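Quick note on labels: first sequence line is chain A, next is B, and so on, each numbered from 1. All values derive from a computational prediction rather than experimental measurement.
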Amino acid sequence: MALTAFPISPAKPLTAITTIPQFPHNPKTLILQQCKTTRDLNQVHAHLIKTRLLLNPTITENLLESAAILLPNAMDYALSIFHNLDEPDTLVYNIMIRSLTYKLSPLEAFLLFKKMQESSAEPDEFTLSSILKACSKLRALREGEQIHAHIVKCGFKSNGFVENTLIHMYATCGELEVARRVFDGLPERARMAWNSMLAGYMKNKCWDEVVKLFHEMLKLGVGFDEVTLTSVLTACGRLANLELGEWIGDYIEANRLKGNIALVTSLVDMYAKCGQVETARRFFDRMDRRDVVAWSAMISGYSQANRCREALDLFHDMQKANVDPNEVTMVSVLYSCAVLGALKTGKWVEFYIKKEKLKLTVNLGTALIDFYAKCGCIDSSIEVFNRMPSTNVFSWTALIQGLASNGQGKGALEYFQLMQEKNIKPNNVTFIAVLSACSHAGLVNEGRNLFTSMIKDFGIEPRIEHYGSMVDILGRAGLIEEAYQFIKNMPIQPNAVVWRTLLASCRAHKNVEIGEESLKHIISLETPHSGDYILLSNIYASVDRREDAIRVRDQMREKGIEKAPGCSLIELDGVIYEFFAEDKACPHLEEVYNATHDMMKRIKEAGYVPYTTDARLDAEEDEKEASVSHHSEKLAIAFGLIRTLPGTTLRISKNLRVCTDCHNATKMISKVFNRQIVVRDWNRFHHFKEGSCSCNDYW
DNA sequence: GTAGGGTTAG
């Protein structure tokens with residue numbers, strides 16, 4: 001092996017490292033243990049050249065290994081040593097292929113392997129397992145199969161490591177059955193092989209198979225280790241298999257395995273996904289070290305349990321603990337911001353992503369699109385979408401859904417068209433999004449055509465949600481009778497949601513008969529919501545059947561169903577304020593009610609007339625007026641008006657549908673106070689501006 | 001000299 005000197009600065013004095021007397025006798029220990037930086041390595045290298053020790057191939061290999069594998073950022077150095085070797089042997093190739101696979105690029109590793117095949121160096125079992133790993137990373141099934149053939153031909157098959165990487169490669173490339181065949185064909189299945197097979201099922205989300213294989217391990221008595229348990233716990237979480245999960249949890253406690261951070265993280269994740277967030281939190285709190293994955297798991301646990309405020313609180317704790325969030329953490333954080341309508345926090349997240357150069361992965365991009373859409377900033381959603389390096393059906397669906405709920409039905413359909421031109425196949429959720437676009441935009445014929453096309457052209461079996469969307473499209477457009485017949489002719493049993501949709505249309509179009517029937521159906525299917533009775537009561541009120549209206553409300557009370565209190569949120573300066581209707585315990589009580597009073601006075605002067613038909617029926621007219629003027633939405637808007645500078649857009653999210661009076665009032669407020677007001681109700685957005693609303697009074 | 005495991009979206 002011929003060697004060329006690596007450029008070093010001649011002016012630099014040699015450090016003590018290179019003058020250690022025993023250096024020639026134990027070069028390996030010296031280099032591996034003492035070189036902490038590229039600079040150290042550089043000096044050892046210089047010394048080796050000077051003393052001609054580098055002529056010893058073992059020493060060169062050790063040097064290479066230090067640069068390529070042990071030091072974090074010395075790949076260039078390793079490459080330059082490598083390129084100066086005349087005839088690298090198998091060992092040298094192995095070092096390079098392995099380090100390229102992990103550190104630089106599996107593709108480079110593969111190209112080097114090709115070069116190796118043209119050389120005299122013979123691949124051994126180390127080479128083959130490394131290159132199979134590279135194939136996994138590249139999802140290069142074809143190449144992996146070729147290596148497999150080579151392995152069989154050369155008889156490396158009985159090597160445990162090679163077998164494992166083979167299973168791993170097939171599983172990663174989605175060829176689970178082949179992976180299983182390799183696994184089943186092993187003469188001796190070591191625990192490592194079982195773990196690889198489990199990992200394969202995990203990668204392909206075959207959670208049932210993970211549990212099945214684990215039971216088989218128990219039955220055959222092959223034993224298991226911490227890696228096995230980590231996989232099985234993850235599967236238990238996805239399957240909500242608390243029984244097995246708890247069994248493993250007990251095992252972990254009994255065997256003092258709590259120092260294993262990955263294992264405990266999967267335990268935390270399992271408890272959270274099985275709905276036991278408190279238990280998850282207890283384990284999380286008791287961890288003696290928490291890395292970014294542990295924090296992310298707990299944050300996502302809260303967000304999936306619909307405890308988004310706690311998710312954001314924990315995110316703040318994470319920052320206080322100086323653990324840097326990654327792309328995955330931010331997905332859960334953004335989801336929580338979306339649910340809460342926490343625009344400021346979410347915007348900060350995007351700023352952080354840019355500043356810290358986090359990768360805009362498909363998941364993260366999709367979470368951002370959804371977050372902005374759910375905060376009513378659909379332009380920002382589009383901007384994020386356009387910046388994403390790669391998109392998939394999830395990102396397109398999020399965008400289409402966002403456009404639909406923000407009143408841009410036509411835009412949603414345009415993106416749906418564009419998506420198909422880009423050869424991204426819509427799935428059943430995409431169709432829920434486009435159908436809802438048609439419904440929000442009042443596009444009846446488009447909706448009918450899409451529904452047919454979904455079945456005929458895309459082979460997607462309509463689910464209850466698709467039928468529900470069709471009922472919504474027809475009902476909102478006033479085609480109540482057609483919607484009713486549509487439900488009657490459904491091939492699957494309609495659920496309460498479908499009837500509730502029809503009931504809401506009956507309210508909008510004052511159809512008493514079908515409204516009554518809809519409520520009957522809802523009652524026969526599930527415990528009705530307070531809103532169901534209120535809709536029917538309001539239908540009666542709207543056609544002057546006051547007695548009936550009161551009767552329905554009494555019925556509701558008799559059954560012990562309370563009216564869900566209206567609740568509105570507004571985020572000001574990163575703080576979320578919560579208001580309830582007739583709230584007597586809200587923050588800044590007097591200030592809020594005074595502001596509301598002034599606000600109502602000013603819009604009345606501008607011509608607003610209270611709409612009290614839907615208000616409490618037993619009340620006198622002036623009481624009704626007072627009652628509607630204290631709806632949570634009005635309190636939140638009034639508070640927003642006095643707490644922000646003129647011209648600032650107000651963003652409100654609320655738990656119920658916007659009522660007719662609040663809708664009228666907010667239109668007027670937007671004009672009188674010259675503000676844009678964005679209201680997110682339980683299923684869509686209202687962008688109020690200059691006295692009108694993006695929904696065109698159609699919601 | 002080699003591996004396998006934990007968190008994420010519509």
* To do: Give Asp370(A) one of three labels, base, sugar-phosphate or nothing, depending on what nucleic acid heavy atoms sit under 4.0 Å from its own.
  => sugar-phosphate
* Pick base, sugar-phosphate or nothing for Ser130(A), based on heavy-atom distances below 4.0 Å to the nucleic acid. => nothing
* Asked: Taking the six-membered ring for Trp, does Phe126(A) stack with dG1(B) (centroid gap under 5.5 Å, planes within less than 30°)?
  -> yes
* Base, sugar-phosphate, or nothing: which does Leu334(A) touch, judged by heavy atoms less than 4.0 Å apart? -> nothing
* **Atom pair distance, as rounded to whole Å: CZ in Phe224(A) and C1' in dA3(B)** => 20 Å
* Nearest heavy-atom pair of Ala311(A) and Ser336(A): which atoms, and what distance? -> CB-OG, 3.4 Å
* Asked: Between Glu278(A) and Arg307(A), is there a salt bridge with N-O shorter than 4.0 Å?
  -> yes
* Length of the CD1-C1' vector between Ile432(A) and dA9(B), whole Å -> 16 Å
* Asked: For the side chain of Glu226(A), counting heavy atoms from C-beta on, which of dG5(B), dA9(B), dG10(B) is nearest?
  -> dG5(B)
* Listed nucleotide nearest any side-chain atom of Thr397(A), set dG6(B), dA9(B), dG10(B) -> dG10(B)
* Between Gln304(A) and dT7(B), does any side-chain N or O lie under 4.0 Å from OP1 or OP2? -> no
* Which part of the nucleic acid, if any, lies within reach of Lys374(A) when heavy atoms closer than 4.0 Å are counted: base, sugar-phosphate only, or nothing? -> nothing
* Separation of atom CD1 in Ile261(A) from atom C1' in dG5(B), rounded to whole Å -> 13 Å
* Any N/O donor-acceptor pair, Ser231(A) side-chain to dG5(B) base, under 3.5 Å -> no
* Looking only at N and O atoms, is any donor in the side chain of Asn427(A) or the base of dG10(B) less than 3.5 Å from an acceptor on the other one? -> yes
* **Phosphate OP1/OP2 of dT8(B): any Ser296(A) side-chain N/O under 4.0 Å** => no
* Could you check how far CZ of Phe284(A) sits from C1' of dG6(B), rounded to whole Å? => 13 Å
* Asked: NA contact type, Met202(A), heavy-atom cut-off 4.0 Å: base, sugar-phosphate, or nothing?
  -> sugar-phosphate
* Asked: Among dT7(B), dG10(B), dT2(B), which is the nearest nucleotide to the side chain of Thr234(A)?
  -> dT7(B)
* Reckon Val264(A) touches a base, only the sugar-phosphate, or nothing at all at heavy-atom distances under 4.0 Å? -> nothing
* **Interatomic distance, Leu368(A) CG vs dG10(B) P [rounded to whole Å]** => 12 Å
* With heavy atoms under 4.0 Å as the rule, sort Leu229(A) into base, sugar-phosphate or nothing. => nothing
* Structure fact -> Side-chain atoms of Asn94(A) come closest, of dT7(B), dG1(B), dG10(B), to dG1(B)
* Does Asn260(A) make a side-chain donor-acceptor contact with the base of dG5(B), cut-off 3.5 Å? -> yes
* Asked: Between Glu383(A) and Arg387(A), is there a side-chain N and carboxylate O pair less than 4.0 Å apart?
  -> yes
* Side chain of Ala297(A) - closest among dG1(B), dT7(B), dG10(B) -> dT7(B)
* Out of dG5(B), dT2(B), dG6(B), which nucleotide sits closest to the side chain of Val293(A)? -> dG6(B)
* Which listed nucleotide (dG10(B), dG1(B), dG5(B)) is nearest to the side chain of Arg98(A)? -> dG1(B)
* To do: State, without any angle test, whether Trp396(A) and Thr430(A) hold a side-chain donor-acceptor pair at a distance under 3.5 Å.
  => no
* Confirm from the modelled atom types if Asp291(A) and dG6(B) form a donor-acceptor pair under 3.5 Å, side chain to base only. => yes
* Look at all strands and tell whether Tyr102(A) reaches a base, only sugar-phosphate, or nothing, counting heavy atoms closer than 4.0 Å. => sugar-phosphate
* Measure from the side chain of Lys273(A), starting at C-beta and using heavy atoms only, and say which of dT2(B), dG5(B), dT7(B) lies closest. => dT7(B)
* Asked: NA contact type, Ala199(A), heavy-atom cut-off 4.0 Å: base, sugar-phosphate, or nothing?
  -> sugar-phosphate
* To do: Quickly work out the Arg191(A) CZ to dG5(B) P distance and round it to whole Å.
  => 16 Å
* Closest heavy-atom contact between Asn428(A) and Ile460(A)? -> CB-CG2, 3.7 Å
* To do: Establish whether the base of dG6(B) is bridged to the side chain of Thr265(A) by a donor-acceptor pair shorter than 3.5 Å.
  => yes
* Asked: So which nucleotide from dG5(B), dG1(B), dA9(B) ends up closest to the side chain of Thr230(A)?
  -> dG5(B)
* Structure fact -> Regarding the side chain of Ser129(A), the nearest nucleotide among dT2(B), dT8(B), dG5(B) is dT2(B)
* **Salt-bridge present (Arg281(A), Asp285(A); N to O < 4.0 Å)** => yes
* To do: Give a yes/no on whether any side-chain N or O of Arg238(A) is located under 4.0 angstrom from OP1 or OP2 of dG6(B).
  => no
* Gap between atoms CG and P, on Leu233(A) and dT7(B) respectively (whole Å) -> 10 Å
* To do: Kindly say whether, by distance alone, the side chain of Ser332(A) makes a donor-acceptor pair under 3.5 Å with the base of dT8(B)?
  => no
* Asked: Does Glu209(A) come within less than 4.0 Å of Lys212(A), counting only side-chain N to carboxylate O?
  -> yes
* Are the charged groups of Glu253(A) and Arg282(A) less than 4.0 angstrom apart, N to O? -> no
